Amino acid sequence: MVIQSPGEAFNCLMKNSRCFALLYGLVGCLVCSPVLAAWYSQETEKMGTLVRVEIWHQDAAVAGQLSAKVFAEMQRIENSMSPYIEPSLLSQVNRDAVRQEVSIDDELYYVIKKSLDYSLKTQGAFDITFASVGHLYDYRSAKKPSSQQLQAKLSAIDYRSVVLDETNKTIRFLNSNTKVDLGGIAKGYAVDQCIELLKQHGVTSALVSAGGDSRLLGDRQGRPWYIGIKNPRGDGNVMKLPLVDVAVSTSGDYERFFELEGERYHHILNPQTGTSAKNIQSVTIIADRAIDSDALSTSVFVMGKDKGLKLIESLANVSAIIIQGNGEVFYSSDLVRPD
Ligand code: ADP
Ligand code: MG
């Protein structure tokens, strides 16, 4: 894979099978692409961010209907998993699981189980109970907890206080201050669901993105998709990734933040301190599924470059691009610069 840098040109080759997938795509689609098909794209606000759908289809009306189905699917998931929607299943969990077992559906069970698996894999860097402290921050009105408030709630950040019962599909919190938030994983899950939905309707080339989480179905008619990595401290992209049939997520300290007395307070929290994770500006993860790229981009952001890259190297078919606090860029070892 050749990563393109719009500024200073450099090349970065991906040594794994996705490179071959790209070549097959080039040959295959030149031969078989239907002449009358075209790209149809639509955007809307869902899950607190911009959702974009691009579909290659022969029929504009059907493409429009499929986009509407994608947006409806996002809304359905938001209605269940948002902690801000009062009647959502997740709000019910945050309200009642401190007192009793709460029944949840298979879908919420799956996403919370996956979150707890990532907590184990990352030694607690990924932890949905960050919300026990996280809800004390308001990034829009530059509000942060006092050190007393922070100390009072910090011990409630502990994924081990979340107990799932697989047989009865229930959840219970062991700490009375526990709250959970799926902001680091639910958009990835939703993007995967939408890609599955499009596949079921016969679509073979599409993109679904929700903020920084994207998944690509197939290629762009014989060419790769080009997904930009934003400049964390300026306009435009620092590079573009040519990708085919993968998920890609970026977590950045510029998405939701405020500055106070020279300090940047952003939305990715280190569960050990209850304050914003330091030393990284952005992490981009490429994986097969968006639920994994989403959870891992947040995880590596918290773990830092060295531990984060070590984790990525231990996982099959996962790549990482890390922009450090000083702007230096680091790549997982499957991505190499030829010069
Ligand atoms: P976004 O696409 O919303 O910017 P990211 O994937 O970058 O999301 O993850 C940031 C979000 O993850 C936060 O807004 C918050 O909801 C959640 N989060 C923050 N810190 C953690 C953490 N340590 N573990 C799990 N989730 C977290
Ligand atoms: Mg994430």
Side-chain angles (χ1 to χ4, degrees), residues 45-52 74 77-78 81-84 90 94 111-112 114-140 144 153-154 156-162 178-192 208-215 227 229-230 232 247-258 265-278 280-287 289-304 307-308 311 320-323:
E45 286 272 331
K46 294 283 173 208
M47 301 182 91
T49 193
L50 189 68
V51 171
R52 181 174 173 79
M74 289 268 178
I77 294 169
E78 183 177 5
M81 299 193 188
S82 169
Y84 307 109
L90 194 81
N94 276 333
V111 175
I112 293 179
K114 190 92 177 172
S115 300
L116 298 181
D117 291 347
Y118 272 113
S119 296
L120 284 173
K121 273 196 187 114
T122 63
Q123 287 99 43
F126 188 86
D127 190 333
I128 55 173
T129 68
F130 83 91
S132 315
V133 168
H135 78 282
L136 300 170
Y137 290 88
D138 183 344
Y139 300 97
R140 274 189 209 154
K144 68 180 181 75
K153 296 285 174 73
L154 191 55
I157 303 184
D158 186 351
Y159 63 93
R160 285 162 293 211
S161 318
V162 177
T178 300
K179 290 198 184 308
V180 295
D181 184 314
L182 301 173
I185 192 165
K187 286 198 291 289
Y189 170 74
V191 163
D192 284 336
V208 177
S209 70
D213 301 301
S214 307
R215 186 155 154 200
I227 303 297
I229 297 184
K230 278 189 195 159
V248 55
S249 294
T250 297
S251 291
D253 69 357
Y254 50 86
E255 286 292 345
R256 251 182 295 152
F257 75 98
F258 61 88
Y265 294 89
H266 65 81
H267 67 318
I268 302 171
L269 296 191
N270 181 339
Q272 283 185 343
T273 61
T275 59
S276 303
K278 302 239 182 303
I280 286 186
Q281 294 178 353
S282 83
V283 174
T284 298
I285 301 288
I286 304 163
R289 292 192 309 155
I291 192 168
D292 297 307
S293 58
D294 189 5
L296 283 167
S297 64
T298 311
S299 301
V300 171
F301 198 111
V302 175
M303 295 173 90
K307 281 190 182 159
L311 170 69
I321 298 157
I322 300 175
I323 305 182

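Read the numbers this way: they start at 1 and go in the same order the structure lists the ligands and their atoms. Predicted model only: the values in this text are computed from it and were never measured. In this chain, residues are counted from 1 in sequence order.
Panel note: side chain Ser249, backbone Asp294; a donor-acceptor pair is recorded below 3.5 Å. Side-chain N or O atoms of Ser276 include one that pairs as donor or acceptor with a backbone N or O of His266 at under 3.5 Å. Judged by distance alone, the side chain of Ser132 and the main-chain N or O of Lys179 form a donor-acceptor pair under 3.5 Å. Of the possible polar contacts, one joining the Asp127 side chain to the Tyr159 backbone as a donor-acceptor pair under 3.5 Å is found. Counting only distance, with no hydrogens or angles, the side chain of Ser119 and the backbone of Phe126 share a donor-acceptor pair below 3.5 Å. Checking side-chain atoms of Ser251 against main-chain N and O of Val283 turns up no donor-acceptor pair under 3.5 Å.
Checked against a 3.5 angstrom limit, the closest N/O atoms of Gly212 and ligand 1 fall outside it. Between Thr250 and ligand 1, no N or O atom pair is found at a separation short of 3.5 Å. Distances between N or O atoms of Leu269 and those of ligand 1 include at least one value under 3.5 Å.
Under a 4.0 Å criterion applied to the non-hydrogen atoms of Asp181, ligand 1 contributes the atoms 16 (O). Taking every heavy atom of Pro271 and a limit of under 4.0 angstrom, the matching atoms of ligand 1 come to 23 (N). Near Ala125, meaning under 4.0 Å from one of its heavy atoms, ligand 1 places the atoms 22 (C), 23 (N), 24 (N). Close approach of ligand 1 to Ile268 (heavy-atom distance below 4.0 Å) involves ligand atoms 7 (O), 10 (C), 19 (C), 20 (N). Counting the atoms of ligand 1 from 1 in the order shown, those under 4.0 Å from a heavy atom of Asp127 are 22 (C), 24 (N), 25 (C). Near Asp294, the atoms of ligand 1 lying under 4.0 angstrom from a non-hydrogen atom of the residue are 6 (O). Within the listing of ligand 1, atoms 1 (P), 2 (O), 3 (O) sit less than 4.0 angstrom from a heavy atom of Lys187. The Gly183 neighbourhood of ligand 1 comprises atoms 8 (O), 11 (C), 12 (O), 16 (O), 17 (C), with distances under 4.0 Å to a heavy atom of that residue.
In terms of heavy atoms, Val302 sits closest to Leu269 at CG2-O, 3.7 Å.
Around NZ of Lys46, the count of heavy atoms belonging to other residues, nucleotides or ligands within 6.0 Å exceeds 12.
Heavy-atom distances between Gly48 and ligand 1 stay at or above 4.0 Å for every pair. Using 4.0 Å as the threshold, Gly211 has no heavy atom nearer than that to any atom of ligand 1.
A side chain to side chain contact (heavy atoms under 4.5 Å, CB included) with Val133 is found for exactly one of Thr275, Ile157, Thr273, namely Ile157.
In the candidate list Met303, His267, Gln272, Glu255, His267 is nearest to atom 13 (C) of ligand 1, counting heavy atoms. Distances from atom 17 (C) of ligand 1 to the heavy atoms of Tyr118, Phe130, Tyr254 show the closest one on Phe130.
Contact annotation for Phe126 and ligand 1: heavy atoms of both the backbone and the side chain come within less than 4.0 Å of the ligand.
Salt-bridge annotation for Asp253 and Lys278: absent, with no side-chain N of the basic residue lying under 4.0 Å from a carboxylate O of the acidic one.
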